[in-house]
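Report on one structure; see the data block that follows.
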Number of protein chains: 4
Amino acid sequence: MKAAIIGGTGYGAVELIRLLDKHPFAELVSVISHSQGGKGIEEVYPHLSDISKIQMDVFDIQKLNEVEVVFFATPAGVSKELIPECYRKGIRCIDLSGDFRLNNPANYEKWYKNSAVSSLYLDKAIYGLSEIYGEEIRDSKIIANPGCYPTATLLALIPIIRKGWLDVNTIIIDGKSGVSGAGRSISLQTHYSEINENVKAYKLGKHQHIPEIEQNIQKESKGFIEELDPKVTFTTHLVPMTRGIMCTIYGQLNDDSISADKVVEEYQSFYQDHPFVRVRPYGTWPSTKEVAGSNYCDIGIHLDSRTGRITFISVIDNLMKGAAGQAIQNLNIINGWDVRTGLLDIPVYP
Amino acid sequence: MKAAIIGGTGYGAVELIRLLDKHPFAELVSVISHSQGGKGIEEVYPHLSDISKIQMDVFDIQKLNEVEVVFFATPAGVSKELIPECYRKGIRCIDLSGDFRLNNPANYEKWYKNSAVSSLYLDKAIYGLSEIYGEEIRDSKIIANPGCYPTATLLALIPIIRKGWLDVNTIIIDGKSGVSGAGRSISLQTHYSEINENVKAYKLGKHQHIPEIEQNIQKESKGFIEELDPKVTFTTHLVPMTRGIMCTIYGQLNDDSISADKVVEEYQSFYQDHPFVRVRPYGTWPSTKEVAGSNYCDIGIHLDSRTGRITFISVIDNLMKGAAGQAIQNLNIINGWDVRTGLLDIPVYP
Amino acid sequence: MKAAIIGGTGYGAVELIRLLDKHPFAELVSVISHSQGGKGIEEVYPHLSDISKIQMDVFDIQKLNEVEVVFFATPAGVSKELIPECYRKGIRCIDLSGDFRLNNPANYEKWYKNSAVSSLYLDKAIYGLSEIYGEEIRDSKIIANPGCYPTATLLALIPIIRKGWLDVNTIIIDGKSGVSGAGRSISLQTHYSEINENVKAYKLGKHQHIPEIEQNIQKESKGFIEELDPKVTFTTHLVPMTRGIMCTIYGQLNDDSISADKVVEEYQSFYQDHPFVRVRPYGTWPSTKEVAGSNYCDIGIHLDSRTGRITFISVIDNLMKGAAGQAIQNLNIINGWDVRTGLLDIPVYP
Amino acid sequence: MKAAIIGGTGYGAVELIRLLDKHPFAELVSVISHSQGGKGIEEVYPHLSDISKIQMDVFDIQKLNEVEVVFFATPAGVSKELIPECYRKGIRCIDLSGDFRLNNPANYEKWYKNSAVSSLYLDKAIYGLSEIYGEEIRDSKIIANPGCYPTATLLALIPIIRKGWLDVNTIIIDGKSGVSGAGRSISLQTHYSEINENVKAYKLGKHQHIPEIEQNIQKESKGFIEELDPKVTFTTHLVPMTRGIMCTIYGQLNDDSISADKVVEEYQSFYQDHPFVRVRPYGTWPSTKEVAGSNYCDIGIHLDSRTGRITFISVIDNLMKGAAGQAIQNLNIINGWDVRTGLLDIPVYP
């Protein structure tokens with residue numbers, strides 16, 4: 001299957017290149033970069049020397065004739081312009097940006113401060129949280145690949161929400177992210193000397209992953225709650241590392257009689273056919289390094305009988321399960337390939 | 001004033017040495033180390049070459065004749081054995097460990113898994129949170145210097161608790177700490193290759209700072225709440241840096257009409273005579289690097305009208321305001337010196 | 001081909017596990033650990049949860065009946081005891097430790113402060129620098145897998161030494177290593193707070209890689225120099241990162257007329273059939289991150305006409321080309337498989 | 001003494017602010033920034049909240065009427081324009097940039113790719129390596145504060161060069177620097193995700209510190225060597241830390257009979273009246289963290305009898321002894337104050 005990547009100079013793209021290189025059924029035929037068109041990829045990424053001879057190109061729909069799937073690893077606001085063109089040409093689109101994630105255009109406009117894509121196309125997009133929405137992903141032409149924080153959060157929350165055990169109005173998500181999540185565009189915020197030996201909170205109350213998380217919590221909690229619009233508190237922090245996200249998620253149980261064992265059992269059962277989610281034994285919690293370079297999402301659970309609160313520790317590699325890895329997983333799903341194809345790598349440890 | 005340090009090889013001790021060296025009214029005359037007695041301090045800490053010629057010694061109460069104040073920078077379980085001896089000799093004790101922080105011996109035994117010190121001495125100890133309990137600290141002979149997480153947490157919470165604006169049963173504290181908080185004792189947990197490029201959660205539900213925080217929340221919330229035993233959820237994380245603690249603290253407001261401006265104003269007023277607490281303008285949040293090497297505690301506030309929750313971002317240097325710096329601040333208080341004496345240094349940035 | 005790993009709890013072993021897992025022709029059947037025998041591997045390495053169910057075992061030659069190749073990822077002094085047993089049983093041995101690297105037992109005794117293995121076995125060992133000694137490796141039963149620094153150094157030096165262009169009496173090697181090279185054993189030297197924000201020189205004049213480098217420089221320079229015992233200056237530094245080694249190597253050219261272009265051309269030609277060595281275009285130099293997680297050795301060259309000196313920048317991932325990766329490369333060689341088998345991964349960037 | 005800083009938004013300036021704040025005899029009255037004029041300093045550097053109320057200003061010589069000394073913490077090319085103005089006004093200038101360091105204008109033009117300042121002013125500048133040229137510094141009006149690498153290098157080399165024990169034609173300097181040396185201007189080179197877990201060599205053969213080092217080696221070696229133009233090999237590397245420089249310096253001894261003890265003794269004697277240079281006992285070497293936040297330069301020595309080469313390990317904090325700290329030291333010298341005034345701080349460890 002011939003694939004193209006749009007947004008070729010960012011970290012999402014370079015991770016897609018790494019993964020497509022080892023994928024047995026997909027072949028990368030084009031890398032498109034607005035800013036670096038014409039350059040050889042190894043000029044921009046010397047670690048690809050001798051590996052890829054692809055010349056980067058600027059976008060031109062005519063040149064995508066043989067391409068069957070396009071990955072968008074673009075900043076917000078780009079894919080909503082280009083996906084309609086690709087869609088009309090019959091090319092499947094997997095969008096790593098946020099342009100197609102929010103069903104309600106008003107929400108996009110509020111949080112992204114930009115006009116939304118036409119409903120004509122938005123309605124065709126499926127939210128690509130692979131383990132949860134695999135069925136719908138299979139037949140979709142436009143996949144809105146989830147954000148990194150929402151992936152870690154929703155995989156941890158959906159099983160308990162579906163059971164109706166959690167008071168969804170009490171959810172607090174404390175996210176810690178490595179700096180690669182901010183991309184390769186330079187800024188004072190990501191200047192080495194400002195980040196190293198530092199923890200920073202950022203975008204309190206303004207992060208565009210808030211509506212993405214809420215939309216899916218709402219969808220999953222229908223039937224259990226009267227109020228259909230649960231709001232979360234979501235705080236993001238930059239920590240001095242390159243890769244990895246941890247979401248520490250807090251919520252109040254609906255019922256004091258739910259035991260830790262019961263929750264763990266439910267999670268292990270929920271994910272038993274999903275090889276990329278690993279539920280840790282009770283009393284142990286995953287660290288971000290334990291999934292680095294891999295497509296795993298590892299989840300640890302703590303239940304505090306003193307407060308009736310449950311805590312989830314959910315970790316992913318933000319560039320893998322939080323971006324390129326899940327995109328490849330979705331590629332596998334739409335093609336009916338084993339979900340693990342090209343994604344079997346063990347975490348790189350230490 | 002002649003001072004001694006017990007526990008001379010740890011990071012708390014070495015920070016005390018740094019601070020006492022520049023303190024105009026205190027003189028370090030003895031450094032006591034169980035394991036390194038007999039060695040010159042520059043053998044253990046080469047960065048002190050040419051600076052300190054002190055020979056480390058093992059503990060012997062007879063040798064402390066001229067000492068007027070002793071700092072305990074010892075692991076849990078040591079000061080409870082030695083402080084009674086010092087106290088009887090009339091030496092003032094500032095204890096950086098947790099042995100004298102919990103008023104209720106049963107609590108100490110439960111969380112520290114060790115027998116508590118006799119009430120005879122425990123009752124004489126004052127909890128040394130300088131800005132809050134300065135009055136009582138002034139006359140105390142035994143100061144239980146607060147833990148690092150409780151310092152960052154309580155300075156952020158006490159003003160709002162005293163106003164009665166916070167539902168103290170909803171407090172969730174998400175702590176992120178640099179690794180120096182774990183001390184200089186080697187372990188796989190603090191092995192470089194295990195910590196670097198990693199975020200780890202640890203001691204969920206078991207951290208000994210939980211009862212320390214709860215005891216003081218309870219004390220401060222008396223009069224406002226019926227239930228006198230509020231429980232907090234407290235999760236600690238190691239992040240890959242040496243110094244710094246951030247506590248991100250969440251809670252539900254009691255009253256929707258409280259505005260962000262009102263809270264910020266209250267905090268600025270509360271701390272106006274306390275130079276080491278800096279309340280940030282609304283909409284900005286401190287990062288740990290902004291207090292590194294200094295005795296500041298910086299607090300940022302976010303109020304989310306969608307959820308009625310307030311979020312505090314509180315940062316300190318764990319070895320300074322979270323340990324040695326606050327200990328010196330308490331030394332200043334008990335001597336009636338300006339609280340800033342020897343502590344005026346601007347954060348070391350970047 | 002059935003394989004076993006001895007020394008199962010170290011970082012070398014865990015990297016071998018990662019590589020064998022994706023190797024199409026090799027199967028890991030046993031992991032032996034002196035200290036953790038009896039434990040499941042995921043207890044020691046939680047990142048292997050759900051991946052490997054191997055139970056670690058203590059060494060027992062009887063249990064290795066079906067094993068055809070054993071990797072030794074052991075500290076110095078272990079393989080010299082166990083390899084003779086394995087050898088007599090007909091098992092091929094790939095030794096990642098230094099026990100079989102020095103041809104002269106007296107050298108081993110001097111630098112390793114330990115008695116050398118009997119010449120009976122030492123003489124059968126081949127120094128496993130894959131690109132250079134592939135022919136001899138093919139038929140060897142005992143492969144002394146090179147050290148990390150010697151790999152980066154010798155791959156950079158051997159082409160120019162073989163041409164006779166370098167004054168081998170002027171070689172100075174300045175090595176910078178990530179901390180994983182020191183292994184997983186805990187020590188104050190590798191304690192996070194001591195390493196972070198720090199560069200340290202260590203073992204000046206005493207590093208056991210000195211005789212390993214000299215032995216091979218001597219071997220390669222025979223025929224060009226009268227004096228057959230060139231000595232190098234070799235300084236090693238720990239830098240605050242987990243993976244990666246850079247050797248910056250200095251030497252005086254024998255002849256002023258040798259141009260930079262000629263050297264680069266010679267190197268590109270020397271390594272044209274060796275996919276894991278990438279010679280960078282003149283005027284660019286590789287960084288350690290550009291080979292992270294991969295088996296590449298990247299080499300940059302600088303020639304200073306002002307001084308007549310040449311500088312090589314040679315980088316590897318110390319756990320890959322500097323240990324486990326080269327071990328798998330040697331496994332491929334002895335089996336006549338394509339040298340890239342199981343090693344095709346692109347560097348993990350960033 | 002009233003002081004101004006020009007170049008107020010860089011790391012050199014912010015370190016000067018930190019030092020001037022604690023200096024008993026100097027007062028900072030003006031901070032000048034081309035890009036941030038008009039802003040309060042705490043807007044640009046929130047860690048200065050509540051500490052400094054200085055408003056930044058653009059340069060205007062009229063406003064410097066009361067100023068007696070100006071520190072230039074500007075990029076190359078700025079001070080050469082402004083110092084003549086200040087000089088004519090009778091203001092003493094301490095220039096942290098490279099504009100006045102090279103005596104030979106042709107050298108400046110070659111290495112800095114810019115026109116040199118007029119000899120009228122250049123000839124008045126004194127190279128401010130405090131320990132070495134204190135006499136001349138005392139009476140100078142323009143001080144060319146040394147570069148960070150040259151400081152670490154020259155303090156290590158000058159004693160042995162003055163003795164005539166070193167073959168100055170064999171000097172190789174391998175420098176490792178923290179990233180703050182590259183300043184606060186953003187670039188892909190200093191983007192967090194590119195630097196973290198990475199070691200990079202940069203500017204081989206092109207670093208503007210090469211002629212600065214050579215000029216002073218030449219000056220110091222006059223009388224010992226025939227050839228008056230010794231050339232060094234100098235390689236710089238970025239390592240993933242914020243502060244600190246280590247120079248590992250190699251050279252051939254002129255005479256085999258010189259013992260390690262003799263060298264160490266010579267160094268200790270050379271620097272006995274210079275409190276900021278600490279010569280380590282033979283067999284131990286300093287690490288960068290051991291001088292962090294302080295004005296020390298620590299030097300370790302290794303002599304290899306196998307090769308007749310000597311190795312120096314010289315470390316400084318690049319923002320302190322390598323920039324702002326040495327500038328304050330020079331301020332002390334020109335005023336006849338104790339050289340340690342305002343610079344007594346112990347390194348911040350860990």
Side-chain angles (χ1 to χ4, degrees), chain C residues 169-174 176-178 191-202 204-205 210 214 229-235 237-246 248 250 252 283 285-290 292 300-311 313 315 348-350, chain D residues 169-174 176-178 191-202 204-206 210 214 229-235 237-246 248 250 252 283 285-290 292 300-311 313 315 349-350:
Chain C
N169 287 308
T170 65
I171 296 169
I172 293 175
I173 303 142
D174 190 284
K176 298 102 182 147
S177 175
H191 191 56
Y192 184 86
S193 301
E194 303 284 318
I195 285 284
N196 185 40
E197 274 290 289
N198 204 0
V199 176
K200 284 193 211 199
Y202 66 101
L204 271 76
I210 293 176
E214 288 178 348
D229 197 12
K231 299 293 181 215
V232 302
T233 291
F234 175 57
T235 312
H237 304 80
L238 275 187
V239 297
M241 62 184 190
T242 304
R243 281 175 183 246
I245 274 187
M246 177 182 283
T248 310
Y250 305 94
Q252 202 78 33
W285 309 282
S287 69
T288 59
K289 195 192 263 291
E290 289 167 4
I301 295 167
H302 177 69
L303 198 153
D304 184 0
S305 58
R306 300 161 69 252
T307 57
R309 276 181 213 125
I310 193 162
T311 305
I313 306 286
V315 299
V348 179
Y349 192 93
Chain D
N169 287 309
T170 64
I171 296 170
I172 292 174
I173 303 142
D174 190 284
K176 296 105 184 147
S177 175
H191 190 58
Y192 184 85
S193 301
E194 301 285 318
I195 285 285
N196 186 40
E197 274 291 289
N198 204 0
V199 176
K200 283 194 212 199
Y202 66 103
L204 270 76
K206 293 188 181 152
I210 293 176
E214 288 178 347
D229 198 12
K231 300 293 181 215
V232 302
T233 291
F234 175 57
T235 313
H237 304 79
L238 276 187
V239 296
M241 63 183 190
T242 303
R243 283 176 182 244
I245 275 186
M246 176 181 284
T248 310
Y250 304 94
Q252 201 78 33
W285 308 283
S287 69
T288 61
K289 197 193 261 290
E290 290 167 4
I301 295 166
H302 176 70
L303 199 155
D304 184 1
S305 58
R306 299 161 68 254
T307 58
R309 278 182 213 124
I310 192 162
T311 304
I313 305 287
V315 298
Y349 193 94

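Lettering follows sequence order; numbering is per chain, from 1. Small disclaimer: the values here were computed from a predicted structure and weren't measured.
Under the rule for a side chain to side chain donor-acceptor pair (under 3.5 Å), the partners of C:T288 that lie at least two apart in sequence or sit in another chain are D:N198. Residues satisfying the side chain to side chain donor-acceptor pair (under 3.5 Å) criterion with C:T311, sequence neighbours excluded, are absent altogether.
The minimum heavy-atom distance linking C:G300 with C:P286 is given by the pair N-CD, 3.5 Å. Nearest approach of D:K289 to D:P350, heavy atoms of both residues: NZ-C, 3.7 Å.
Taken from CG in D:D304 to CD1 in C:I210, the straight-line distance is 7.0 Å, to the nearest 0.5 Å. The OG atom of C:S177 lies 5.0 Å from the OH atom of C:Y202; values are rounded to the nearest 0.5 Å.
Proximity to chain D involves both the backbone and the side chain of C:R306, based on heavy atoms less than 4.5 angstrom apart. Proximity to chain D (any heavy atom under 4.5 Å) is shown, for C:I310, by neither the backbone nor the side chain. Residue C:Q252 does not touch chain D at all, counting heavy-atom pairs closer than 4.5 Å. Interface residue C:L204: backbone and side-chain heavy atoms are both found under 4.5 Å from chain D. Proximity to chain D is absent for every atom of C:V315, based on heavy atoms less than 4.5 angstrom apart. Contacts between C:D174 and chain D at a heavy-atom distance below 4.5 Å involve backbone atoms as well as side-chain atoms.
Among the candidates D:G244, D:A292, D:S193, the residue making the largest number of heavy-atom pairs closer than 4.5 Å to chain C is D:S193. With respect to chain D, the highest number of heavy-atom pairs below 4.5 Å among C:E197, C:K200, C:E194, C:R243 belongs to C:E197. The greatest number of non-hydrogen atom pairs below 4.5 Å with chain D, out of C:L238, C:T233, C:N196, is found for C:T233. Most heavy-atom pairs under 4.5 Å with chain C: of the set D:V239, D:I313, D:T242, this distinction falls to D:T242. Per-residue counts of heavy-atom pairs under 4.5 Å with chain D were compared for C:E290, C:H237, C:M246; the largest is that of C:H237.
Between D:W285 and D:H302, the two ring planes are perpendicular [angle over 60°; tilted spans 30° to 60°].
Applying the side chain to side chain contact (heavy atoms under 4.5 Å, CB included) test between D:K176 and each of D:V199, D:I245, D:T248 identifies D:T248 as the sole match.
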